[in-house]
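Letters A, B, ... mirror the listed sequences (proteins, then strands); counts begin at 1.
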Amino acid sequence: MIHVDDFSFWYGEKQALHHIEMMIPEQKITALIGPSGCGKSTLLRNMNRMNDLIDGVKHEGDITLDGTSLYDPSVEVISLRKRVGMVFQKYNPFAKTIYENVVFALRVAGNRNRKELDEVVERALRGAALWEEVKDRLHDSAFGLSGGQMQRLCIARAIANRPQILLMDEPCAALDPIATLRIEELMQDLKKEYTIVIVTHNLQQGARCSDKTAFLFEGKIIEFDDTDKIYNNPSEQKTMDYITGRFS
Amino acid sequence: MLKFRSKSPKGEMNIWLTSMGLTVGLVMIIGLFSLIVVRGLHVFWPKNIATYHLKEDAKSKMGPNAVLSAIEVKKVQKKLAGAEEGPAEFQIFIGNKDVYGLPFKFLPEAEIARIEYEKDVMIVERLEYGDAILKPVELMLEDGTRIKAGSKNFIEKLHEAVEIGTDRRLDILKIEKGKIGVVSDKIANLKDDIARYHYHAKKKGTDPSEKVAKAHEKIEKLESEFATFSGEARDLHELQEKAILSYRLASGQEKSMPVAEIVEFALPNQLNFSGKVKSFAHSFWGFLSQNPREANTEGGIFPAIFGTFMMTVLMSIAVMPFGVIGAIYLREYAKQGPLVRIVRICVNNLAGVPSIVFGVFGLGFFIYVVGHGIDDFFYPWREGRPTWGTGGILWASLTLALMTLPVVIVATEEALAAVPRGVREAALACGASKWQMIQRVVLPTAAPGILTGLILAMARGAGEVAPLMLVGVVKVAPSLPVAGSWPFGMDQKFMHLGFHIYDLGFQSPDAEAAKPMVFATTFFLILLVVLLNLGAIRIRNILRKKYAAGTF
């Protein structure tokens, strides 16, 4: 379970997040919605410390995973990222075979057990609903797949190492509606095993597949509640305006 | 009204300019390339031999040489003082250096009475004195049989005799280079051992005489072997003198030479087109595969091709890791700031340093510092007989690697920068460390772009001459820069096509004879560079196809 505790974040001088406070429940899908530039991707990318890569960032407050602070000096970023997988907006398979893409996380962890790797590939690809489509060409280049397949491959890659949490940063933004639907179905399967945090621009998608929704605006959480409540009966006027499309 | 009349789009002028720039470049490249190809390949095409009969008044001046068999090289208009056009002259190739002295001659057109193309004129490529143009008279075989020219099997027999001579020449070479070479190498090693024994003994204060005596014993044994082999070679050499071809020059002068002196011969006036093509292919292959003779003006260029190839490959092996590692640090690890920017500017400027400066650096650093250092440390007894402290293919390759390093660094940096951010983040999100990300994801993605850098470096390195003259290129190398055992010939001096061109064109005693060779050698240098590049391009295409997402 992730607890974001009074978390503020700056890119250089610019403050991107203001005192964010939220508890992300386990084995549920939590959606982060809000207009562009509201900080939802920043928040998501802080959950596996992806923002560390950017020069001149700083933070206040804390994010804890099962009670341990992500910023605790004893936490290794690398082992943290093994527990928190991530899927990106634009599918980004490696210049490798499908097989090698999936086992990448295990390879960098030093796993050389062929049998184990084979099992992981099958499990992860089945988990990402891609196994039937690619089982005959596991050793072909990943670039031969379609966009939707590549994104599912990226999901398989993210779940290969059985992370606790799966972060998805607008995973369907670059996909057509049919591929989007498949990913959404997949998310429903995945939430049985993983805690999912998804950033989405697509309100229908948020409504369809999330259990909890947080509405962010200008770096602040305006409202965080059950999805039903947010979409049907929001407490805040701003949320209402956003949901109904009165501003964007 | 005037305002709207002009319909010509404004950018047109600039488009014309850019296309003109491209045209100028293309014309220059195509012009230069076709000049080299045409002149380079023309060398191998068999030319007809004309017999020039001079007029009566010229006869008095020329004496018996009033009749000349020769190949026309070109017709020139002699320039007189005052820029007036003078009489036309033929430049002709008369060959027979042993008789005429100079193989090329100018013949005023006005002095020629008539030109004939006789069927039985033969051009003979000899081991010494270059080509001879002659009419065969008689062939005496090794067993003493005499065959008159013109008899039915004369040409056939001559072919056989030449072949026997060639085979025996190869046998002699095998003995001299092979057996005798091995023995003299062993002797040299033993002498080196003796020097080492003395050195160590002096240092430790022990008596080396026992070991030295043993080595001397071995040397004596080897020297007797040496004598045996030399005897074998001498006997073969004597056999080579037996078969004799007697011939007549156009002037009527009778001469003879051992058949074994003949490399090959042809009767170009009798050849039809397909015969000429065959002869062309034959000389082309000969040029490609033979060793040079006669101060490089005759024979082939094989050692130069091999040396160039070897050097380029060694250079690539040396430049790739350093260039790629340097670029990785600059792009991925170094904190981007003014210092890195200065380093980057310096690297780029390094590409503009004249190559001879790298040559001087290579001489000073690799040869005098590193080479001498190795010699002093490992072979202190070889005073005055440097092994590594002298020019060699390894030092030449390293010097060129240094010279082409900026090219590889710049290209690699570009390729690394072009790797999408998303792919890097994905690798990190999978729990890869930064190095794992670079090694497993970034480098494979950037590989085609890195290879582009290597291609550029090879093109630059293979054609470079100036620095090589300081660090190991020689006019004639005794052996190829490769060997079966340590140090694999890497300390050897070597021949190089670029230097060969310079040597032929500007250092040769016979500029006229060398001119066609310069074109032919240039042709092969370009061919070699193109082939090496095609090899690298092929590897790049395979990589691209494998990952099918190249953006380079």
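- Taking the six-membered ring where tryptophan is involved, the planes of B:Phe365 and B:Phe361 are essentially parallel, since the angle between them stays under 30° and well short of 60°.
- For the options A:Val77, A:Ile78, A:Asp55, heavy-atom pairs under 4.5 Å to chain B are most numerous at A:Ile78.
- For A:Leu53, the part lying under 4.5 angstrom from a heavy atom of chain B is the side chain only.
- Ranked by heavy-atom pairs under 4.5 Å with chain B, the list A:Lys90, A:Met50, A:Met86 is led by A:Met50.
- Pairs engaging residues 98-117 of chain A under the ring pair (Phe, Tyr, Trp, His ring centres under 6.0 Å) rule: A:Phe94-A:Phe104, A:Tyr99-A:His139 [sequence neighbours left out].
- A salt bridge links A:Glu100 with A:Arg107: the closest approach of a Lys/Arg side-chain nitrogen to an acidic carboxylate oxygen falls below 4.0 angstrom.
- For A:Val87, no part lies near chain B; criterion is any non-hydrogen pair under 4.5 Å.
- A 6.0 Å sphere centred on CZ of B:Arg421 holds no more than 12 heavy atoms belonging to other residues, nucleotides or ligands.
- Screening residues 154-173 of chain A for salt bridge (Lys or Arg N to Asp or Glu O under 4.0 Å) gives A:Arg162-A:Glu193 as the qualifying pairs, with residues at least two apart or on separate chains.
- Using a 4.5 Å cut-off between heavy atoms, A:Pro163 does not touch chain B at all.
- Of the residues considered (B:Gly431, B:Ala426, B:Ala432), B:Ala426 shows the highest number of contacts with chain A, using heavy-atom pairs under 4.5 Å.
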